[in-house]
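These notes concern the structure reproduced below.
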2 protein chains.
Amino acid sequence: MDKILRVDMNNLSTHIEPVPPEWTALGGRALTSTIVAGEVIPTCHPLGKDNKLVFAPGLLSGTTAANSGRFSAGAKSPLTGTIKESNAGGLAAQMFGRLGIKALIIEGLPKGDNWYSLHVSKDGVSIAQETELIGKGNFAVVEALEKRLGKKTGVLTIGPAGEMKMLAANISVKDSDSKLRSHGRGGLGAVMGSKRIKFISIDDSGAPGIQLADREKFTAAARVFARALLDHPGTGQGLPTFGTAEMVNIVNEAGGLPTRNFTYGRYEGHETISGETMRETIIARGGKPRHGCQPGCIIQCSQVYNDKNGKYVTSGFEYETIETLGANACLGNLDQIAEADYIMDDIGVDSIETSVAFGVAMEGGVLPFGDGEGVLRMLREEIGKGTPLGRILGNGAGNVGKAYGITRVPVVKNQAIPAYDPRSIKGIGITYATSTMGADHTMGYAVATNLMGVGGGIVDPLKKDGQVELSRHLQIATVMLDSMGLCLFIGFPAADIPTCVPALMDMINARFGLELTPDWLGGLGVTTLKTERAFNQAAGFTNKDDRLPEFFREPLPPHNAVWDFTDEEIDEFWNF
Amino acid sequence: MDKILRVDMNNLSTHIEPVPPEWTALGGRALTSTIVAGEVIPTCHPLGKDNKLVFAPGLLSGTTAANSGRFSAGAKSPLTGTIKESNAGGLAAQMFGRLGIKALIIEGLPKGDNWYSLHVSKDGVSIAQETELIGKGNFAVVEALEKRLGKKTGVLTIGPAGEMKMLAANISVKDSDSKLRSHGRGGLGAVMGSKRIKFISIDDSGAPGIQLADREKFTAAARVFARALLDHPGTGQGLPTFGTAEMVNIVNEAGGLPTRNFTYGRYEGHETISGETMRETIIARGGKPRHGCQPGCIIQCSQVYNDKNGKYVTSGFEYETIETLGANACLGNLDQIAEADYIMDDIGVDSIETSVAFGVAMEGGVLPFGDGEGVLRMLREEIGKGTPLGRILGNGAGNVGKAYGITRVPVVKNQAIPAYDPRSIKGIGITYATSTMGADHTMGYAVATNLMGVGGGIVDPLKKDGQVELSRHLQIATVMLDSMGLCLFIGFPAADIPTCVPALMDMINARFGLELTPDWLGGLGVTTLKTERAFNQAAGFTNKDDRLPEFFREPLPPHNAVWDFTDEEIDEFWNF
């Protein structure tokens, strides 16, 4: 019998609750957004007593469905002020799934200055005071907890950035290599820090496991689904070979590679940071060019990146981090970026928000463009230690812009625009503008259609035609993936391979003994998006917030593309 | 013939324009808000090319009307994102009035890194490059310009804070003692800094002077008006005797004196910072207990505060600064507060925003409560020099709250709440919430009615009854004063002495040869408020922004008062 775990930090009490009937067919983002919208006062202070932090595995998490282990975290975001869902790989989703925990809801703020941890097991959730690991980096937390609780323990943790309630703070999830995956974007680590919870450990021993209503049907569908992933050129070839860094050369070619704080669309040093270069480097140094962020991943777009001596540096080394430090901050040096990636994971800051913040800081003269050593020093000594400069940087790109009076600040709803310039890739610009959670490429990854023809036919990235409809379609579809616990890249075969979506529906129905249709799934996407938007409107957001910064009206070389959507054209997005 | 001066910093050109007929009967705030609302894109970046900085004297500025020398500055505020008007004493309003300059409008941003100055004279306005005074404090600017241009020169200037585009930066105006009065609140100094204008000098030699349509009528009315000011106990006795610091004991008694970052409503050291103590100290040290912020002031609520050796420290030493540093940051030491006041004037930061920011910083552990030496050091070495900590503090209370993850942050629309706790003085809370420019007591000074019976009868400060109507009435009346160039305290006799408002109308009509009625003036107040609100709505503000921070729901000792207005009750404000 699935259950809800609830923790009240006001009085340090915990509760096990039955799953309300209306939450039964919800999971992942659909569930966290429903809970946040239903239980959190939209105008509350995100770091105050009225915000709630909600964790939920996807509908398929814990099953043998490929790539179904994404874990959703939701709250009101302290970075954007909007509702927020952020999902990550790692072990947590599958452990929660097997434990029959539909959601963990953490509310209230403790009195006093103590720090706490939570422990989740088949018996529910318990609270303990924590002293030893306070102030420690995420890797040290994982290492210590494996010693304390055993190698198999699951971990959710915040680094010093989360403890200091920095707005770029993330929540990290232990993966099967005892490394970290991150709930990035939106500053959910600060919400966990505000509740004075350093980590959550998970023990799934004795878990009831997943009950399948129709095992045979499920297994057959899971096979079809996996086949679709392997057959699609994106998920079967491109991503496994080059990781997401395959995008460096593609986006550079398209003239949409943000360079020197979004001043140029191509970076002359793009080869130094490309997926091709990364792959060669990894192989030459005995790293792993393929690696999964979660057990059961068959795409394996992660990797293990070693240094010149063959020593581990980082994994989960994503295009967006590589681009925003490599081209946008002009570092042009994979080794420095990899080291920065490791430090950001350790201190627990979102690598997109922080990297874009460095680009703005460079424009403000805080450090020169290309100063990789400066970036590494500031990550360790300033952000990691919470100096005043570290507080400025750790609060994200918008905050750096305010601190230094900069107007070229690539944010929407105060969240940094990632590694795709919306002037030359207009579909993603519509996603940045209209997303319920601020600028975020993963909310509706129009890049795939604009540049790679996913979904059967290219929507010209330089033209406005069709972009609003494309982004809308993708944002609705993304909610579905985020709610099933599926990796975003499932969107590629789902769009292109006809057997994929029916297999998904078969798996859900065989899991729960339901007779749901693809229309139901689409309805879940629409309903969830509208629920999220209603929360934002109740918090004070209007269509005036669905806008890109004015500097995007300046032409971007090489195409001299400008952001030319009218307000009315953007607002058309919500007409559904 | 009155004229409009326009400066385009994009191409460093200047223009003299006739006054459009619809601006003829506008002045001060009514004019700056009309121009900003009409010419500035509401969603623009406040520090970008599309914002405009507008200066305008009041309708009566330059005449012999008592206390009519307030100068209005308007723009989109970089601190609040709303429309902003801020008025100050000093010489500028009367010089502009005599020169027949209805408004000076500065638009655009210059290319490159040069700094500039403007010079205003009977011939119009000119632009010059400036190097010598860049980086200098406001007092050094005034001193240098008096050497350069003669003792009589008028000056508008920004300090280092404005050059660095800090959000608490103000624009300072030279007064008749070569000291400074400030356009505080809203960060207009950052707008001037963004346009790379260090100062504006004014030469009124050869000015045509004020043309009165009916000199006899004007003189008679001016006499009646001055009599009303002298007869009212507030403007005739209280303010001239103790300055605005008379409020320390009154507000403390009422239990609304913000103490220790708005945690208590009374300060046990209130006698150390009271108006009575200040007066005794000033007299004992050979200072001036009475002093005017503008020629023609007959209230004289300013003062000259000397140190123990009889050496000048500061003037324009206001209650709000004394309270927010003295009680709210617990300094309890007038000498330290006076020195801080001088430094804030010199580096050019709003003393309310900055003092409240220190209270939040103290709660965040940046320095201890009561650490006056720390405050002085941080003003000089951090804010004045633009270190990272200085950038955090110089961007105001809301920014400090974000930097250190604090939830007890007394701001509305990101502007600091001044020295009256809205839980115990509820009328001013309605003004904070609904003002078109963020928290600002001067937008509708309900304290006077809540605590001192101005306007014929006390509206109980601890009850909700009548507060919305009171604030609405006062906010409309304040626009009228701000548009005539009159000091806010004219509101006291205007409310209580029947001859005052007719005398005001007689002066305006005799000045311009018009037949306007008090209804017209009230209409100007209503229209201007609605124009300002429409700008804010077009910029994305909604009634959700008309709210006090949630911590005001916590009881405030000694009355254990809470902020208990419902959203609907607050929103009733705009029903007119």
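Chain naming here is simple, since letters A, B, ... match the order of the sequence lines and numbering starts at 1 in each.
Contacts of A/Tyr404 with chain B are made by both backbone and side-chain atoms, with heavy-atom separations under 4.5 Å. Residue A/Ile41 does not touch chain B at all, counting heavy-atom pairs closer than 4.5 Å. At a 4.5 Å heavy-atom cutoff, the contact between A/Gln537 and chain B is made by backbone atoms alone. With a 4.5 angstrom heavy-atom cutoff, A/Asn399 touches chain B only via side-chain atoms. Contact of B/Leu167 with chain A is made through the side chain alone, with heavy-atom distances under 4.5 Å. Of the two parts of A/Leu389, the backbone and the side chain both hold a non-hydrogen atom closer than 4.5 Å to a non-hydrogen atom of chain B.
Within the model, atoms NZ of B/Lys49 and CD of A/Glu554 stand 7.5 Å from one another, a figure rounded to the nearest 0.5 Å. Taking CG of A/Asn51 as the reference point, atom OG1 of B/Thr407 lies at 12.0 Å (rounded to 0.5 Å). Expressed to the nearest 0.5 Å, how far NZ of A/Lys402 lies from CG of B/Leu79 amounts to 8.5 Å.
Across A/Glu550 and B/His45, no two heavy atoms sit closer than the pair OE1-N, 2.8 Å.
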Walk me through whether B/Arg547 and A/Thr43 qualify under side-chain contact (heavy atoms from CB on, under 4.5 Å). CA-CA 9 Å; B/Arg547 302 290 179 259; A/Thr43 52; 5.7 Å; no
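Heavy-atom pairs under 4.5 Å with chain A peak, among B/Cys44, B/Ala190, B/Ser194, at B/Cys44.
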